[in-house]
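Everything below concerns the one structure shown next.
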Amino acid sequence: MSKSKSRITPEDALAFHLEPSPGKWEVSATVPMTTQRDLSLAYSPGVAVPCEAIAANPETAYDYTNKGNLVAVISNGTAVLGLGNLGALASKPVMEGKSVLFKRFADVNSIDLELDTEDTDAFINAVKLMGPSFGGINLEDIKAPECFIIEQRLKEEMDIPVFHDDQHGTAVICAAGLINALKISGKKIEDCRIVLNGAGAAGIACIELLKRMGARHENCIVCDTKGVIYQGRTDGMNQWKSAHAITTELRSLEEAMVDADVFLGVSVKGAVTQEMVKSMAKDAVIFAMANPDPEVTPEEVHEVREDVIVATGRSDYPNQVNNVLGFPYLFRGALDIHARAINDEMKIACAEALAELAREDVPDEVAMAYGKALTFGRDYIIPTPFDPRLIHRIPPAVAQAGMETGAARRPIVDMESYELSLKSRMDPTANILRSINTRARNAQARMIFAEGDDPRVLRAAVQYQRSGLGEALVVGREADVKAKLEAAGLGDAVGELTVVNAANTEHLDEYKAFLYNRLQRKGHDQHDVHRLAARDRHVFGALMLAHGHGDGLVTGATRKSAHVLELINHVFDADSDHGAAGVTALIHKGRIVLVSDTLVHEWPDENDLADIAERAADVARDLGLEPRVAFVSFSTFGYPVSERAEKMHIAPRVLAERGVDFEFEGEMTVDVALNSRAREHFPFARLTDNANVLVVPARHSASISVKLMQEMAGATVIGPILSGVDKPIQICSTGSTVSDIMNMALLAACKVR
């Protein structure tokens, strides 16, 4: 099945920015503020002490405030994406998004600032006056040529890094990709004829960085909307273009492309024709980086040339030139050495480190996330944005270059320790969730949404299909589905979803025969079977799945999970007698813990508990975790003695006899399971690290634990995930939101079970 492409509607985008609260980030405190003493330390009188220390030695601001991990994302909105001059206020969603990316990819705190002025001097003065607050400045979406003037003056007049990402972010990733593309084609940058189309901020930055890396001025031809920029041209020129004018008889992009080794495009869709591609040198390189549509698509290139390496700015093609590979890690490295600037040497170090990373073996977790083996070659010259190695490979290279070139105020003494600190800095759950999403996209599963009478389910089904995850099959009546979609403001989605029911399927007799064969000795006659198969959406959806007419099933949003499980049991062996179990994932403050059994077993014995542990370990591995199982109770290793804790004491022995291939230990209290310091009192404990799977004594204790974490701690809850069943079935709770239902659909698509 061909992969569908994600479709984002205006309604989707607005809802994303509106819910659960307006915008994309919020402020949270890093210190306790629960007692009078806390208040006295955080504010008056305690705050006076660091104020005096900073006044005496300004460098200590990096120690006593968040300056050393705070970047301002600043714009005046004069060049917002490809939308033009929308103004400062309308640029705020983009700047908020950039702040979120800083935090997500490099744990850099960031605040967006939109300055309502097009006066260059006023903009510069405003940014300068805010300098003491920040460790770095990221300029964004400022039109040329003002962006050149603003950045240059701020770099000269401020003592912290000032970086215009539209220019240099693109340049760094472009350089990284080109290093590897030329390595594959067997060419040297100093020998290459390079053609750049688009002499704006990004284009000028790209060609300048490549020249710093060895490209010869006379071999670089820059073009704009008026053609080649040559010595003597006066029309449409400025000082930044003039710096790249060469002596040449060439006047058009078409002429410049003849025998070119490299094409760099930061211009417009369709700027490059197939005839131009044909005219390029052997083993040419094309970086068509115009967004949202490239100057020429990879399909168009490969129709006429098989030897050309192609990169674009799009995520649905190989070799995406994505700025998120650069700016978070550049700033991470710069901040960690308290840098005065981000210089060219630091940018080149970033590009070279990215190129080197792409040439190495790709971790299994990345390959699993993308659903294919990624190996260095024509379709993989740039690392993927979600490669977990980026955080501990790129910043050290940037920091090292900064130290060697004198940009560092506080050099890193122990680089090995620094790299280790970076590895532990990032939220591991983010990669897990991203992996699930990407695996689901690659699976392209036909997802059965059994409750097409519920608006939440319908909205989730529409989101599933429009996100390019696969086909959404909705069980319901066509007229009812249409009415509910229209009421939800999704009338345009009516024709997108596939609505299925007993009346429009040709398989009903087949379903009934299958069901009667399973239930005839369980007190069900043919009339009962007909009612179940034809009228119950949970059973009908399960029958579709059992017969391969869908790849996964999501249900339970409208009825109690125990009742839904009972109905599904008519079609599948999804009960305690067959080893099924429910596993719920709790995600909180960068940790993920699986709790089981939260669905199937009411009061499991020691053998059931061992089964549950195995099912939960399977789910952990499906989520990309190496399972470490703890059997938890109110007692630890036999104390205090209690009859109710006895089965938790015995269950690990049952697992040991089975010879399972994962870590387990018990019985123990939750703090011992999750806190390595608490385990120091038990040096014989077999866990090598904190447990990530908790097996609890009974379903009621599992439910209490999960709901307590959700309500009191604000943990994200995914599940219960039904494990141990032949096909991927996920049962939502009746209080599920659209996002919750979508998460369950993703798990079903990934066959997490």
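Here, residue 1 is the first one in the sequence, and each next residue gets the next number. What you are looking at is a predicted structure, and each value in this text was computed from that prediction instead of being measured.
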Measure the [atom1]-[atom2] distance between [X] and [Y] for me, rounded to the nearest 0.5 Å.
X	Y	atom1	atom2	result
L101	E96	CG	CD	12.0 Å
D119	N125	CG	CG	8.5 Å
L335	N69	CG	CG	6.0 Å
D293	K269	CG	NZ	4.5 Å
R441	I436	CZ	CD1	14.0 Å
I142	Q167	CD1	CD	9.0 Å

Quick one, [X] and [Y] - any side-chain contact, counting heavy atoms below 4.5 Å?
X	Y	answer
T438	N442	yes
D141	M95	yes
I382	Q320	no
K67	I160	yes
E352	I179	yes
I137	M130	no
I592	N692	no
C147	L139	no

**Prompt:** V398 pairs by side-chain contact (heavy atoms from CB on, under 4.5 Å) with which of I348, I342, L330, V172?
**Reply:**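 It is L330; the other options fail the test.
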**Prompt:** Taking all atoms of both residues into account, what is the closest heavy-atom pair of T170 and C206, and its distance?
**Reply:**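 Taking every non-hydrogen atom into account, CG2-SG, 4.0 Å.
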**Asked** Which heavy atom in A144 sits nearest to a heavy atom in A201, and how many Å separate them?
**Response** CB-N, 4.4 Å
Take a 6.0 Å sphere around [atom1] of [X] and say whether it holds more than 12 heavy atoms from other residues, nucleotides or ligands.
X	atom1	value
D121	CG	yes
L89	CG	no
K183	NZ	no
M33	CE	yes
E416	CD	no
D361	CG	no

Side-chain ion pair, [X] and [Y], N-O less than 4.0 Å:
X	Y	result
E356	R359	no
E419	R393	no
D336	R410	no
E360	R389	yes
D107	R332	no
D344	R212	yes

Quick check: does any side chain N or O of [X] sit under 3.5 Å from a backbone N or O of [Y], one acting as donor and the other as acceptor?
X	Y	result
K347	L209	no
N319	I381	yes
S110	A72	no
N76	T117	yes
E140	S75	no
N743	D740	no
R409	H338	yes
N180	A355	yes
Q710	A715	no
E295	V266	yes

**Request:** I would like to know whether M158 and V127 meet side chain to side chain contact (heavy atoms under 4.5 Å, CB included); could you show each step before the answer?
**Result:** CA-CA 9 Å; M158 297 184 76; V127 176; 4.0 Å; yes
**Request:** Give the C-alpha distance, both sets of side-chain angles, the deciding distance and a yes or no for salt bridge (charged side-chain N to carboxylate O under 4.0 Å, His left out) between K98 and D112.
**Result:** CA-CA 8 Å; K98 197 63 173 278; D112 63 288; over 6 Å; no
**Prompt:** I173 and N322: side chain to side chain contact (heavy atoms under 4.5 Å, CB included), yes or no, with the steps?
**Reply:** CA-CA 7 Å; I173 314 309; N322 191 331; 5.6 Å; no
**Prompt:** Where do S99 and I111 land on the side chain to side chain contact (heavy atoms under 4.5 Å, CB included) test, with the steps shown first?
**Reply:** CA-CA 6 Å; S99 294; I111 187 168; 5.6 Å; no
Could you check whether [Y] and [X], counting side-chain N and O atoms only, form a donor-acceptor pair closer than 3.5 Å?
X	Y	result
T60	D63	no
H168	E151	yes
K143	N85	no
D165	N323	yes

**Item:** F327/F105 aromatic ring centres below 6.0 Å
**Value:** no
